[in-house]
2 protein chains.
Amino acid sequence: MVPHLITALTGPINELEQRILESLPAIERWFRLEWMEHTPPFYTSVDLRNAGFKLAPVDTNLFPGGFNNLTTEMLPLSVQAAMAAIEKICPEAKNLLLIPESHSHNSFYLMNVARLMEIFHQAGLNVRLGTLDESITTPTEVPLPDGSAITVEPLVRNRGRVGLKDFDPCTILLNNDLSDGIPRVLEHLHEQYLLPPLHAGWALRRKTQHFDAYEEVAKKFAKLLGMDPWLINPMFTKVGEVDLSEGAGTDALMSHAETLLGKIRRKYKEYGIQEKPFVIVKADSGTYGMGIVTVRDPKDLANLDPRVREKLSVNKRGRQVGELILQEGVPTYERINDAAAEPVVYMIDRYVVGGFYRVHADRGIDENLNEPGASFVPLAFAGSNQLPKPGAKPGASAPNRFYMYGVIARLAMVAASYELEATDPEAEVYE
Amino acid sequence: MVPHLITALTGPINELEQRILESLPAIERWFRLEWMEHTPPFYTSVDLRNAGFKLAPVDTNLFPGGFNNLTTEMLPLSVQAAMAAIEKICPEAKNLLLIPESHSHNSFYLMNVARLMEIFHQAGLNVRLGTLDESITTPTEVPLPDGSAITVEPLVRNRGRVGLKDFDPCTILLNNDLSDGIPRVLEHLHEQYLLPPLHAGWALRRKTQHFDAYEEVAKKFAKLLGMDPWLINPMFTKVGEVDLSEGAGTDALMSHAETLLGKIRRKYKEYGIQEKPFVIVKADSGTYGMGIVTVRDPKDLANLDPRVREKLSVNKRGRQVGELILQEGVPTYERINDAAAEPVVYMIDRYVVGGFYRVHADRGIDENLNEPGASFVPLAFAGSNQLPKPGAKPGASAPNRFYMYGVIARLAMVAASYELEATDPEAEVYE
């Protein structure tokens, strides 16, 4: 079940693993105390990069797809976590309305939707699907690759509530990241729980806000363990709005990249790392790893492919203007067969419920793997493999590795909860 | 992993299974509402009997041993449930003191203790073992069959708190059923959480109180599903104190047995059941299935083996006086190979975390299986097998069977929470 992993885990990461295992009770207590003060996102998936010398989250998804990539052996963990989440939010709930991505005919994504329905049904809710696609005006059956089908239905808005015909949900679960903006049908729902909240969607969310919060979390956690936060924190720069169609915009981006590369070089020198540093340019808003560019030399930015430039621009007014973030590149030294692999960890409420490796045979260790051609190798995070084995040699035990991944992923989840508190437009302000 | 099961599941039990599966969201919601009003026991195991025409809990253990019989694949479910329990009780907790049975050199039991330590360590606590055995005055290592060892330490009482030398726990978890009475060292601990509470131990607990509460729960649940509560509820009679050394005591017991057998006969007639009814005599207090007698004919009670009579007497003053309960016998029609088998379901907090079949090749379907010679066949309640498969033919699907067992076991757990509320000596009385 667990694929053969070739890892290059020597040096500091093994120290990190050992420290994390030794500190297990303190770490779990630290999380318990964090969750006393903060509310975890409803569900979260986190992409990690393990460079051997460093382990860091590079993307935190608040509308995770890919639940279908978890093995069925992991399902009871998801169901139990979903039960815990429902108990807290709305124990009287009977009905859950799930809103998936619109226009998606991707059969993998549809299997993810079916899996989510299964999890929440088992957790004890009547689950139905509502679509934001206004071209769907009657219940519409969508066939799945396994021969079954799901039915999406048009949303019905009645004053303060949204639902379906003859279906009034207590909670609305978004599995749609709102990249297309906030739909009016979901605004001002004060009588129902809308999870995640609208400001978690890419219409409003910014990666820089998340990594600001993550930096704070990483510092707190590093203090607990007495280590350098850089070992778990990817540095970044908020570039802000840049017009890539003009020379001045490109110059500014190059200058930011040069500065960040300089910082990474100093860290590499401090730790005796012989790698060539690189940075990642991406849109500050938006998901799916669209238009993620690996930059080893800032000069490369002068000659960006026009299609890449377009992808980096979230501005839809036809100009090449985008809010950008530059992030320290963290190479991935995990391998499955010969392909670069990165772990993805799934959480419901505060609990790690599973994970898999994203594998891409045609991408380098310093490139984005979340692109067409990627495949998924489910990992038995569940089963005994999720549990650390005390006494095993650091780096030698898959269970220990997975526990560490679960810890770092949960740090990103804590950061997401800080981020959502800070960006909540309806938060009460205490002065 | 799942053993081949020969079951005789025809008739009403399949209707019950079907109704339970169809009602899954309503059932889970019912449990959620119960847990809003009542606190689940910290952990629970429930012995079930599946007679084909009837499915009922026959014993509810509030100090479960046997966690070592769960497969390691189930461990993450236990850890997640333990995390949820700790978060509610004492999120700031660092230390957990576990008090196991004293004087137990049973290596299976010791493996259970080691497993519990592992679960609570993974959940994020420093776990150490304190013993009620006053002959242990220094930390003492006890070897385990797998080559590892556990260390039991003498308890240290300081005014309002109990702990170990240099170990001050927030929570004390009893895995000792207090059959020997309530130890003074555990009395009046108002600054710490003592779980389960003292009145859950056999020094004070009575089976009749539990089955009183279970009857109430079974009625509520049966109303929800629109069915006869008898299908999930074993009838019983509180016999009270009986002196079995005197003819009058035996006569009274025989008369009670005749009455209960009559009630069962009427129910069997109502459902067209061709079996010969039987009743079980057991002590109202005490565990381990000691001195459980199967009675097919009340006249058998006149000629009880003196050793059995002694086992039925909890009174330690040398007389054959015991508080007794008569319970409707529920035959078990589950088979593993050729041996009678009964499912045992494990719960931590409100969650089903695993289970196994108790199997005894030398016992009949109407006899107690919890006796020397029993073996344990772990069942993949975890894994996808815990999750019901919608659409599968009732009775034909192991996952469906296990979901039903988990529901009935949780009803017994709800009953235990009612029972502990009703018997709490420190409960506030509202008049």
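Values reported hereafter were calculated over all heavy atoms of this structure, with side chains retained and with hydrogens, waters and symmetry mates removed. Proteins get letters first, then strands, A, B, ... in listed order; numbering begins at 1 in each.
The line from OH of Y351(B) to OG1 of T44(B) is 13.5 Å long, rounded to the nearest 0.5 Å. Here the CD1 atom belonging to I172(B) is positioned 11.5 Å from the OH atom belonging to Y193(B), to the nearest 0.5 angstrom.
Close approach to chain B, defined as a heavy atom under 4.5 Å from one of its heavy atoms, is seen in E28(A), R29(A), R32(A), L33(A), M36(A) of residues 28-36 of chain A, taken by number.
Other residues, nucleotides and ligands contribute more than 12 heavy atoms inside 6.0 Å of the NZ atom of K88(A).
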With salt bridge (charged side-chain N to carboxylate O under 4.0 Å, His left out) as the criterion, how do E153(B) and K165(B) come out once you've worked through the C-alpha distance, each side chain's angles and the decisive distance to 0.1 Å?
CA-CA 8 Å; E153(B) 302 180 57; K165(B) 188 162 180 278; over 6 Å; no
Starting from the C-alpha separation in whole Å, work towards a yes-or-no answer on ring pair (Phe, Tyr, Trp, His ring centres under 6.0 Å) for F108(B) and F376(B).
CA-CA 11 Å; F108(B) 296 107; F376(B) 305 98; 7.4 Å; no
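Listed by chain and residue number, nothing satisfies the side chain to side chain donor-acceptor pair (under 3.5 Å) test with N68(B) (two or more places apart in sequence, or in another chain).
The candidate from V127(B), N126(B), I27(B) with the greatest count of non-hydrogen atom pairs under 4.5 Å with chain A is N126(B).
Heavy atoms closer than 4.5 Å to chain A are found in both the backbone and the side chain of A81(B).
Between the R115(B) side chain and the F67(B) main chain, a donor and an acceptor come within less than 3.5 Å of each other.
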